[in-house]
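These notes concern the structure reproduced below.
The residues of the chain are indexed from 1 along the displayed sequence. These numbers were taken from a predicted model, which means no experiment stands behind them. Below, each value reflects all heavy atoms present in this structure, side chains not excepted, and no hydrogens, waters or symmetry copies.
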Amino acid sequence: QVQLVESGGGSVQAGGSLRLSCAASGRTFRFYGMGWFRQAPGKEREFVAAISWSGGASRYADSVKGRFTISRDNAKNTVYLQLNNLKPEDTAVYYCAADSRSALLATPPTDWGQGTQVTVSS
């Protein structure tokens with residue numbers, strides 16, 4: 001199990017950028033698939049992006065492909081989500097997630113952060 005703490009959320013105008021960070025505690029971080037989910041008001045939580053333990057593989061939701069980039073630094077126990085060309089529909093609470101069973105979070109993750117708010121105004 002890992003503990004996850006997100007940071008980097010905020011308010012930006014459409015077209016702007018943010019970088020979210022997720023700091024993980026636990027010696028086995030580098031063996032975990034990591035990813036990001038988001039939940040907008042009144043909507044269900046949805047998958048955004050995931051990255052394998054080595055960083056060699058990743059996947060994205062269609063809605064963010066070409067705009068968001070996930071990366072990780074195992075030496076720092078941190079995973080990042082770069083959000084570019086933000087749109088109002090990207091407004092949500094963004095959650096970091098981890099799972100040791102699935103490299104790209106194909107199954108519901110076992111570990112979650114507390115979330116960080118991203119607000120995009122038009």
Side-chain angles (χ1 to χ4, degrees):
Q1 188 175 16
V2 293
Q3 289 74 49
L4 307 171
V5 179
E6 303 97 332
S7 61
S11 297
V12 296
Q13 291 189 329
S17 297
L18 286 172
R19 188 174 83 154
L20 308 183
S21 298
C22 174
S25 61
R27 293 177 295 174
T28 59
F29 168 79
R30 63 189 180 94
F31 297 121
Y32 279 67
M34 300 291 297
W36 293 88
F37 290 70
R38 67 186 182 186
Q39 187 168 19
K43 295 187 177 181
E44 294 186 354
R45 190 173 299 188
E46 65 176 3
F47 169 79
V48 176
I51 189 167
S52 63
W53 68 269
S54 68
S58 60
R59 69 182 183 106
Y60 296 89
D62 288 343
S63 58
V64 307
K65 281 181 182 177
R67 300 188 299 121
F68 293 7
T69 302
I70 190 169
S71 61
R72 67 190 292 165
D73 184 339
N74 286 343
K76 296 182 178 180
N77 279 12
T78 302
V79 63
Y80 305 97
L81 186 67
Q82 179 69 40
L83 293 69
N84 294 330
N85 191 21
L86 282 160
K87 304 176 181 180
E89 51 264 43
D90 294 318
T91 295
V93 177
Y94 283 70
Y95 296 91
C96 180
D99 199 301
S100 62
R101 305 164 300 167
S102 175
L104 293 177
L105 304 187
T107 55
T110 55
D111 302 296
W112 295 88
Q114 82 289 350
T116 185
Q117 177 71 46
V118 172
T119 303
V120 185
S121 59
S122 58

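- Defined by atom type and a distance below 3.5 Å, a donor-acceptor pair is present between the side-chain atoms of Gln3 and Ser25.
- Inter-residue side-chain proximity for Leu20 and Leu83 is flagged as met; some heavy-atom pair is nearer than 4.5 Å.
- At least one test fails for Arg72 against the ring of Tyr32: distance under 6.0 Å to the centre or angle within 45° of the axis.
- Hydrophobic clustering, with ILVMFWY side chains joined whenever heavy atoms are under 4.5 angstrom apart, keeps Ile51 apart from Tyr95.
- Following chains of ILVMFWY side-chain contacts shorter than 4.5 Å, one can reach Ile70 starting from Val48, so the two form part of one hydrophobic cluster.
- No side-chain N or O of Thr78 forms a donor-acceptor pair with one of Asp73 less than 3.5 Å apart.
- Judged as a disulfide bond (SG atoms under 2.5 Å apart), the pairs with a partner in residues 69-122 (not counting sequence neighbours) are, in order, Cys22-Cys96.
- Between Gln82 and Ser71 the shortest side-chain heavy-atom distance does not fall below 4.5 Å.
- A pairwise comparison of heavy atoms in Ala92 and Ala40 identifies CB-N, 3.8 Å as the closest pair.
- Lys87 and Asp90 are not joined by a salt bridge, as no carboxylate oxygen comes within less than 4.0 angstrom of a charged side-chain nitrogen.
- In this structure, the side chains of Thr110 and Gln1 stay at 4.5 Å or more apart for every pair of heavy atoms.
- Looking at Thr91 and Val118, their side chains never come closer than 4.5 Å, going by heavy atoms from C-beta outward.
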Verdict with reasoning, Asp99 to Thr107, per side chain to side chain contact (heavy atoms under 4.5 Å, CB included): CA-CA 8 Å; Asp99 199 301; Thr107 55; 4.3 Å; yes
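- Taking 4.5 Å as the limit, some side-chain heavy atom of Arg38 sits within range of a side-chain heavy atom of Val64.
- Counting heavy-atom neighbours within 6.0 Å of Gln114 CD, excluding the residue itself, gives a total above 12.
- Nearest heavy-atom pair across Ala98 and Pro109 is O-CB, 3.6 Å.
- In this structure, Arg19 is positioned above the aromatic face of Tyr80, its NZ or CZ under 6.0 Å from the six-membered ring centre and within 45° of the axis.
- For residues 54-87, no residue pair satisfies the disulfide bond (SG atoms under 2.5 Å apart) rule, not counting sequence neighbours.
- Note that OG1 of Thr119 is 9.5 Å distant from CG of Leu18, once rounded to the nearest 0.5 Å.
- Proximity of Arg59 to Ser52: side-chain heavy atoms (C-beta onward) are nowhere separated by under 4.5 Å.
- Atom OG of residue Ser17 and atom CG of residue Asn85 lie 8.0 Å apart, to the nearest 0.5 angstrom.
- Note that CZ of Phe68 is 14.0 Å distant from OG of Ser58, once rounded to the nearest 0.5 Å.
- Remark: aromatic rings of Trp112 and Phe37 are close, center separation under 6.0 Å.
- Leu81 CG to Thr116 OG1: the interatomic distance, rounded to the nearest 0.5 Å, is 11.0 Å.
- Each of Val93 and Val12 belongs to its own hydrophobic cluster when Ile, Leu, Val, Met, Phe, Trp and Tyr are linked at side-chain heavy-atom distances under 4.5 angstrom.
- Looking at Val79 and Trp36, their side chains come closer than 4.5 Å, going by heavy atoms from C-beta outward.
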Leu4 vs Met34, side chain to side chain contact (heavy atoms under 4.5 Å, CB included): CA-CA, chis, key distance, verdict: CA-CA 10 Å; Leu4 307 171; Met34 300 291 297; 3.8 Å; yes
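- A continuous path of hydrophobic side-chain contacts links Val2 to Tyr94 [ILVMFWY only; heavy atoms under 4.5 Å].
- Two residues are said to be in side-chain contact when any heavy atoms from C-beta on lie closer than 4.5 Å; Glu46 and Gln39 fail this criterion.
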